[in-house]
Engineer: 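Attaching a single structure in C-alpha cells format; questions to follow.
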Amino acid sequence: MDGLPWARTRRILLRMAAAVTVLGIAASCSAGTGGGSADTNSPAPTATPSATTATTAAAGPVTAEISQFRDNYSKQIIEIQLTNNTGRALIAVGAALTSPLFGAPITWAAPTGGIELPPGQAKSLPAPLPAPVCGGPAAPPSGPGATSGASGLARVSLRLATPGGTVPGPAAADTTAADPFGVLARNNAEMCLAVEASAVATLKLAPELEVAADGRTAVVRMLVTPHPASGPADTGTPGAGELVIDRIGETTLLAEAPVAPWPRELTLRAGGPPMELRLGIRPARCDPHAVAEDKVGTLLPLQVRVAGREGVLKVGAGGQLRGRIYDFVTTACGRQ
C-alpha cells in the first residue's frame, strides 16, 4: 500500500515529460517554412517582428542623424551618426553629407578599411564643416526641436561593405539625415555671423595672461584689429561697416572680475584704429571637475550685431592662453 502513491506519481511524471517532448517537436516543425523533419543545425527561428522593428527596417538598413560634441564647437566639426538596422555587421567606408546651408559636401575622412557598424548600434563619424552659404540676415532656427525647413534638408551618401566583402548589390546608399537639434542651422548662422564680423574687424585673445598679485583674479587682453573700409558703403550708410558688441557672456569656467569690467554696447568700425580690450576674469566655479572636464570654458561668447545679423560670436583662447587660464583657475580656487 505504501508503494502505490509513488508508482502513480512516477507514471504521471512520465506522461508529463512525454507531453512536453511532443509540444517541443510540434513547435520546431511549425517554425519551419514547410513540412518535414526539423533541421537541428538550423538557427533558432526569430520572433515575429514588432511594429517598432518593422518601422526601423522600412527606414532602410542604415539611418543617419546629425549631432555635435561640445569639444568640437570651436572646431566647426559635426558628427554624422549612423545606426545599423540590419542583423549583421556593416562597414562604412565613405560618408558625405550635403546641405543647401553649406557650399560643399560635409565629408567624413574614413580611415583605412573603414569603420564597423555593429547591428543596432550608432557610430559617430566626425566631419569638418565647409564654408557656409550665407543668404539674408535672418538667422536659421537652432536649438532642441528646431528644424531647418526645406532649406536645411540634409542627405547622406554612404559607401558600405561587409566584413567579408562588398554588400550584395549596389555598395552606395543614400538617406535623409535627421537633424533634431538644428546643428546645421546653428552652425550656419554662427559661421555666417563670423564671416560678416571678420569683414569689419579681427578679434583674438593675446596669449599672455596678467595674474593679480593675490592670484585670485587675472586680465585677458582681447586684441581688435579693424579692417580697412572697403568703400563709401562702409562710411555712408548707418550701421554699415560696424560691429556692435552688446555684451560678453561668462562661461562655465570664467566669470567677470571687477578689476577690469567687460565692455558693453561697444561699436567697432571698419577703418578705425586698433584697440585692446582688457577683460578681468575670475573662476566661475571651483569644483574638482571645473578644469578636468572643461570643453568650452575658454571660448568667450560675444553677443554681437553686424550687417543685419545678430547672435553669438565665439572668440577662443589659443593653446598657450588656454593652459595659462587652466593654471590660473586651479591656483585661484586653491586660495579661496
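Being a predicted model, the structure only gives us computed values, none of them experimental.
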Engineer: Same cluster for Ile115 and Val93 if Ile/Leu/Val/Met/Phe/Trp/Tyr side chains link at under 4.5 Å?
Structural biologist: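 No; tracing contacts between hydrophobic side chains, which count when under 4.5 Å, never links both residues.
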Engineer: When you measure from the side chain of His227 to the backbone of Gly271, do you find a donor-acceptor pair of N or O atoms at a distance under 3.5 Å?
Structural biologist: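 Not a single qualifying donor-acceptor pair exists.
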Engineer: Please report the closest heavy-atom contact between Pro118 and Asn84, naming both atoms and the distance.
Structural biologist: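 Shortest heavy-atom separation between Pro118 and Asn84 comes out as O-CB, 3.4 Å.
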Engineer: Going by heavy atoms in the side chains, are Ile248 and Pro263 under 4.5 Å from each other?
Structural biologist: yes
Engineer: Show the nearest heavy-atom pair for residues Asp174 and Ser157, with the distance to one decimal.
Structural biologist: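 Where Asp174 meets Ser157 most closely, the heavy atoms are OD1-OG, 3.6 Å.
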Engineer: Step through the shown structure and confirm whether more than 12 heavy atoms of other residues, nucleotides or ligands are within 6.0 Å of CZ on Arg247.
Structural biologist: no
Engineer: Report the distance from atom OG1 of Thr202 to atom CG of Leu268, rounding to the nearest 0.5 Å.
Structural biologist: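 Output value for this atom pair is 11.0 Å.
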Engineer: Output all residues satisfying side chain to side chain contact (heavy atoms under 4.5 Å, CB included) with Ala110, sequence neighbours left out; order by chain, then residue number.
Structural biologist: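 Here the qualifying residues are Trp108.
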Engineer: Give me the atom names and distance for the closest heavy-atom approach of Val259 to Gly280.
Structural biologist: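 Where Val259 meets Gly280 most closely, the heavy atoms are CG1-CA, 4.0 Å.
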Engineer: Does NZ or CZ of Arg282 lie under 6.0 Å from the centre of the six-membered ring of Phe328, at an angle within 45° of the ring axis?
Structural biologist: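 No, cation not above the ring by the 6.0 Å, 45° rule.
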Engineer: Could you pull out the closest heavy-atom pair between Pro226 and Pro274, with the gap in Å?
Structural biologist: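 That closest heavy-atom pairing would be CD-CA, 3.7 Å.
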Engineer: Before giving the answer on side-chain contact (heavy atoms from CB on, under 4.5 Å), spell out for Val219 and Leu279 the whole-Å C-alpha distance, their side-chain angles and the decisive distance to 0.1 Å.
Structural biologist: CA-CA 5 Å; Val219 172; Leu279 311 178; 5.8 Å; no
Engineer: Roughly how far, to the nearest 0.5 Å, is the CD atom of Glu265 from the CD atom of Gln303?
Structural biologist: 10.5 Å
Engineer: Please tell me whether Val211 and Met222 are part of a single hydrophobic cluster in this structure, the criterion being side-chain heavy atoms less than 4.5 Å apart.
Structural biologist: yes
Engineer: Strictly below 4.0 Å, N to O, side chains only: are Asp246 and Arg305 in salt-bridge contact?
Structural biologist: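 Salt bridge: yes.
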Engineer: Are side-chain heavy atoms of Val200 and Arg269 found at a separation under 4.5 Å?
Structural biologist: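 No, side chains not in contact.
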Engineer: So how far is it from Leu129 CG to Ile77 CD1, rounded to the nearest 0.5 Å?
Structural biologist: 8.5 Å
Engineer: Should we say atom NZ of Lys314 is surrounded by more than 12 heavy atoms from elsewhere, each under 6.0 Å from it?
Structural biologist: yes
Engineer: According to salt bridge (charged side-chain N to carboxylate O under 4.0 Å, His left out), does anything in residues 217-229 pair up with another residue at least two apart or in another chain? List the pairs.
Structural biologist: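 For residues 217-229, and leaving out neighbouring residues, the salt bridge (charged side-chain N to carboxylate O under 4.0 Å, His left out) pairs sorted by first residue read Glu208-Arg221, Glu210-Arg221, Arg221-Glu276.
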Engineer: To the nearest 0.5 Å, what is the distance between OG1 (Thr252) and CD (Glu293)?
Structural biologist: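 It is 10.5 Å, given to the nearest 0.5 Å.
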Engineer: Do Leu209 and Val220 touch side chain to side chain, with heavy atoms closer than 4.5 Å?
Structural biologist: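 Of all side-chain heavy-atom pairs linking Val220 with Leu209, at least one is under 4.5 Å.
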Engineer: Salt-bridged, Glu256 to Arg264, with N to O below 4.0 Å?
Structural biologist: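 Salt bridge: yes.
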Engineer: Check whether any side-chain heavy atom of Leu299 lies under 4.5 Å from a side-chain heavy atom of Val315, and answer yes or no.
Structural biologist: no
Engineer: Can you check whether Leu266 reaches Leu277 side chain to side chain, under 4.5 Å on heavy atoms?
Structural biologist: yes
Engineer: Does Leu125 share a hydrophobic cluster with Val62, counting links as ILVMFWY side-chain heavy atoms below 4.5 Å and allowing steps through other members?
Structural biologist: yes
Engineer: Can any side-chain N or O of Asn188 pair as donor or acceptor with the backbone N or O of Leu101 at less than 3.5 Å?
Structural biologist: yes
Engineer: Applying side chain to side chain contact (heavy atoms under 4.5 Å, CB included) between Leu97 and each of Leu184, Thr107, Asp179, report the one that passes.
Structural biologist: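 Exactly one pass, corresponding to Leu184.
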Engineer: Could you state whether Met275 and Val304 fall into the same hydrophobic cluster, counting links through intermediate Ile, Leu, Val, Met, Phe, Trp or Tyr residues with side-chain heavy atoms under 4.5 angstrom apart?
Structural biologist: yes
Engineer: I want to check something: taking the side chain as every heavy atom from C-beta on, are Val291 and Leu253 in contact at a cut-off of under 4.5 Å?
Structural biologist: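 Sidechains of Leu253 and Val291: in contact.
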Engineer: Of all the heavy-atom pairs spanning Leu82 and Ala92, show the shortest one and how long it is.
Structural biologist: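 Scanning both residues, the minimum pair turns out to be CD1-CB, 4.3 Å.
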Engineer: If Ile, Leu, Val, Met, Phe, Trp and Tyr residues are connected whenever their side-chain heavy atoms lie under 4.5 Å apart, and connections chain through other members, are Ile106 and Val183 in the same group?
Structural biologist: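 Same cluster: Ile106 reaches Val183 through Ile, Leu, Val, Met, Phe, Trp or Tyr contacts under 4.5 Å.
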Engineer: How long is the gap from SG on Cys134 to CZ on Arg309, to the nearest 0.5 Å?
Structural biologist: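 Reported to 0.5 Å precision, the distance equals 5.0 Å.
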Engineer: Does any non-hydrogen side-chain atom of Val156 lie less than 4.5 Å from one of Ile80?
Structural biologist: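 When only atoms from C-beta onward are counted, Val156 and Ile80 do touch, with a gap below 4.5 Å.
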Engineer: Gln68 vs Asn187, test: side chain to side chain donor-acceptor pair (under 3.5 Å). Steps then yes/no.
Structural biologist: CA-CA 10 Å; Gln68 187 171 34; Asn187 277 273; 3.0 Å; yes
Engineer: Calculate, to the nearest 0.5 Å, the distance between atoms CD and CD belonging to Glu65 and Gln81 respectively.
Structural biologist: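 One gets 6.0 Å once the value is rounded to the nearest 0.5 Å.
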Engineer: Step by step, would you call Trp262 with Glu250 a side-chain contact (heavy atoms from CB on, under 4.5 Å)?
Structural biologist: CA-CA 10 Å; Trp262 297 355; Glu250 297 182 340; 3.8 Å; yes
Engineer: Test side-chain contact (heavy atoms from CB on, under 4.5 Å) on Phe181 and Arg186; report intermediate values, then the result.
Structural biologist: CA-CA 9 Å; Phe181 298 102; Arg186 173 175 54 77; over 6 Å; no
Engineer: For a quick test of reading the model, state the closest non-hydrogen atom pair linking Pro163 to Ala89 and the distance between them.
Structural biologist: CD-O, 3.6 Å
Engineer: Stepwise, does the side chain to side chain donor-acceptor pair (under 3.5 Å) test hold for Asn72 with Glu79?
Structural biologist: CA-CA 9 Å; Asn72 280 337; Glu79 307 295 325; 3.0 Å; yes
Engineer: Does Asp327 have any side chain to side chain contact (heavy atoms under 4.5 Å, CB included) partners at least two apart in sequence or in another chain, and if so, which?
Structural biologist: none
Engineer: Between Thr175 and Thr63, does a side-chain contact (heavy atoms from CB on, under 4.5 Å) hold up when you go through it step by step?
Structural biologist: CA-CA 7 Å; Thr175 184; Thr63 51; 5.5 Å; no
Engineer: Hey, are the side chains of Thr251 and Leu300 touching, using non-hydrogen atoms and a 4.5 Å cut-off?
Structural biologist: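 Contact flag for Thr251/Leu300 side chains = yes.
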